[in-house]
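Labels below follow one simple rule: chain letters A, B, ... track the order of the sequence lines, proteins then strands, and each chain is numbered from 1.
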Number of protein chains: 2
Amino acid sequence: MKHIAESTVRRLSLYLRFLEEGEARAQDTISSGELARLGGTTSAQVRKDLSFFGSFGKRGLGYHVKDLIEAIREILGLDKTWPVVIVGAGKIGAALAQYRGFSSRGFRVVGVYDRDPARIGQRLDGLTIRAESELERDIAKLKAQIAVLCVPSEAAQVLLDRVTKAGIRAVLNFAPSPLRVPKGVALRSVNMATELEILTFALTNRIEGGPR
Amino acid sequence: MKHIAESTVRRLSLYLRFLEEGEARAQDTISSGELARLGGTTSAQVRKDLSFFGSFGKRGLGYHVKDLIEAIREILGLDKTWPVVIVGAGKIGAALAQYRGFSSRGFRVVGVYDRDPARIGQRLDGLTIRAESELERDIAKLKAQIAVLCVPSEAAQVLLDRVTKAGIRAVLNFAPSPLRVPKGVALRSVNMATELEILTFALTNRIEGGPR
DNA sequence: ACTAGCTTGTGAAGGATTTCACAAGCCCCC
DNA sequence: GGGGGCTTGTGAAATCCTTCACAAGCTAGT
């Protein structure tokens, strides 16, 4: 397959949300124009995004909501349930472990890990915080391929190396430090300070409308 | 000033982190090549990014670490302290209110707000959770221009409208719903599910190396 | 069956961002 | 004071992404 831009994947995720809302309202079909309006983009963009993966619409009618939901779920890999482990049960890790928005989208948090003995054994929702030393065994046993890293910067690279060796293929990192991943492992980093800094840049430089 | 790409601002924030680490190690100068290696980009990219704002280096030598730190801080607007209000004291809001990574970068959380009477009055670090009804008065009094929105989707637009009316000029949103902002207000949204979905897309489509 | 009115899918154009490549400048050493 | 070895700053080229614009196709109504 041709290379797909990250911006395209991000928009597909967004369209999926609108489609699911439409489905909940018993909406039958939707046009590229309506999806565009909801997502703050153009109808051509919506059609182009979808066209990378096939042709899902009917000319004159638009897209059948249920069919398009199914198609995008499959494109994004959401047609199955993904077990996710959360590494680090501090404030952020604990918050994410209990975040409802994951389960509704096909993700299931199957383990939360920490190195602090004071935290091990505590319960978060239906999960018990486990010792970091169990990570390797659990990842293999649970066949988890996705890890969310919520540990301090100093510990991030070591833990990333450990989980990738144990079989993790994708990592969402919240530590504000650059990480190296082995080839074949996908990494995304979310840096809260950077997000705020993009905002202060906009404020400082008075850009009309600001970034999106 | 010419329009600056968001990707450029994001990288500047990253360079700043590396420069601060260099400063902590008493490093005196740094080349675009070294910054590029740390940030996973190219030296030409680093130089181009900086060139939009001026010329900060010395040929043959590189950039003076302290000077460049100061320059980038000024570009990003980090040469002052920004008061930030957090709206919503659920799991994510509470975690962010106590997040250390903000204060070290010039942000100061000056208020945390919730509508739930059970939460109002509870303490988070040095802050007391306050009633949402106090938002307008406090934003004016504290001259806060930045708000972090950590409320459920249904409440997000209403609260965004309220805080922008009260003087907020930039919003970092964690609710997974699209928001409309008045002109002149900057908005960024972080959607945890979308981040994971970009990863499952990469896993499903076996893209070499995956997204960054 | 034909027409009017939409809407898709997609090449081509346009715009934005990244990479290339090199002249110009600085430091250090001899 | 001059030369060698680096490194910056920046136009130009290349690549990537978005928007344009239109032929083709579907539905509904008559």
Side-chain angles (χ1 to χ4, degrees), chain A residues 1-15 18-19 22 27-65 67-69 71-72 75 198 201 207-209 211-212, chain B residues 1-15 18-19 22 27-65 67-69 71-72 75 198 201 207-209 211-212:
Chain A
M1 193 201 299
K2 217 180 144 306
H3 175 256
I4 303 295
E6 183 190 304
S7 49
T8 293
V9 180
R10 174 166 258 120
R11 283 189 300 265
L12 288 177
S13 163
L14 199 60
Y15 303 154
F18 301 137
L19 287 163
Q27 185 174 1
D28 222 51
T29 63
I30 194 168
S31 68
S32 59
E34 189 174 351
L35 273 175
R37 192 177 45 73
L38 293 167
T41 179
T42 66
S43 65
Q45 181 76 81
V46 172
R47 294 197 300 275
K48 186 66 99 182
D49 285 339
L50 293 171
S51 77
F52 292 127
F53 303 96
S55 102
F56 306 104
K58 274 211 176 57
R59 294 171 192 225
L61 236 199
Y63 301 88
H64 189 64
V65 171
D67 290 354
L68 191 53
I69 286 176
I72 296 184
I75 291 165
I198 295 173
F201 175 81
I207 288 162
E208 283 311 296
R212 321 198 63 250
Chain B
M1 192 200 300
K2 214 182 146 306
H3 175 254
I4 303 294
E6 181 190 305
S7 50
T8 294
V9 180
R10 172 166 260 117
R11 282 189 299 264
L12 288 176
S13 164
L14 199 60
Y15 304 154
F18 302 137
L19 287 162
Q27 185 175 0
D28 222 51
T29 62
I30 193 167
S31 68
S32 58
E34 189 173 352
L35 273 176
R37 194 177 44 74
L38 292 167
T41 178
T42 66
S43 65
Q45 180 77 78
V46 172
R47 295 197 299 276
K48 186 66 97 184
D49 286 340
L50 293 171
S51 77
F52 292 126
F53 303 96
S55 104
F56 306 103
K58 275 209 174 59
R59 294 170 191 228
L61 235 200
Y63 301 89
H64 189 65
V65 171
D67 291 355
L68 191 53
I69 285 176
I72 295 184
I75 291 166
I198 294 173
F201 175 80
I207 288 162
E208 284 311 295
R212 321 197 65 251

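- Atom CG in L50(A) sits about 15 Å away from atom P in dT19(D), given to the nearest Å.
- Of all non-hydrogen atoms in D28(A) and H64(A), the two that sit nearest each other are O-ND1, 3.5 Å.
- Of the listed nucleotides (dT18(D), dT18(C), dT19(C)), dT18(C) has the atom at the smallest distance from the side chain of R11(B).
- Counting any heavy atom pair closer than 4.0 Å across all strands shown, A5(B) reaches sugar-phosphate atoms only and no base atom.
- Heavy-atom nearest nucleotides on DNA chain D were determined for F52(A) and for K58(A), and the one closer to the 5' end corresponds to F52(A).
- For S51(B), no side-chain nitrogen or oxygen approaches OP1 or OP2 of dG9(D) to under 4.0 Å.
- The CD atom of Q45(A) sits 16 Å away from the P atom of dA21(D) (whole-angstrom rounding).
- The side chain of K48(B) sits closest to dG11(D) out of dT18(D), dG11(D), dC27(C).
- Taking atom OH of residue Y63(B) and atom C1' of nucleotide dT7(D), one finds them 9 Å apart after rounding to whole Å.
- At a threshold of 4.5 Å between non-hydrogen side-chain atoms, the residues Y63(A) and R47(A) count as touching.
- The side chain of R47(B) approaches dG9(D) more closely than any other nucleotide in the set dT19(C), dG9(D), dT27(D).
- Across dT19(C), dC17(D), dT8(C), the shortest atom-to-atom separation from the side chain of R59(A) is found for dT8(C).
- Residues F56(B) and I72(B) form no side-chain contact, since every pair of their non-hydrogen atoms from C-beta on lies 4.5 Å or further apart.
- Contact check for F18(B) versus I30(B): no side-chain heavy atoms found under the 4.5 Å cut-off.
- Listed nucleotides: dT19(C), dC17(D), dT8(C). Nearest to the side chain of S7(A): dC17(D).
- Between S32(B) and dT7(D), a side-chain N or O to OP1/OP2 separation shorter than 4.0 Å is absent.
- To the nearest angstrom, P of dA28(D) lies 11 Å from CG of D28(A).
- Partner of Y15(B) under the side chain to side chain contact (heavy atoms under 4.5 Å, CB included) criterion, out of T41(B), L68(B), L38(B): T41(B) alone.
- Comparing G60(A) and T8(A) along DNA chain D, the residue whose closest nucleotide (by nearest heavy atom) sits nearer the 5' end is T8(A).
- In this entry the distance linking NE2 of H3(B) with C1' of dT17(C) reads 12 Å, nearest Å.
- In this structure, the CG atom of L61(B) is 14 Å from the P atom of dC6(D), given to the nearest Å.
- Atom NZ in K2(A) sits roughly 13 Å away from atom C1' in dG11(C) (whole-Å rounding).
- Put simply, CZ on F53(A) is 14 Å from P on dT10(C), counting in whole angstrom units.
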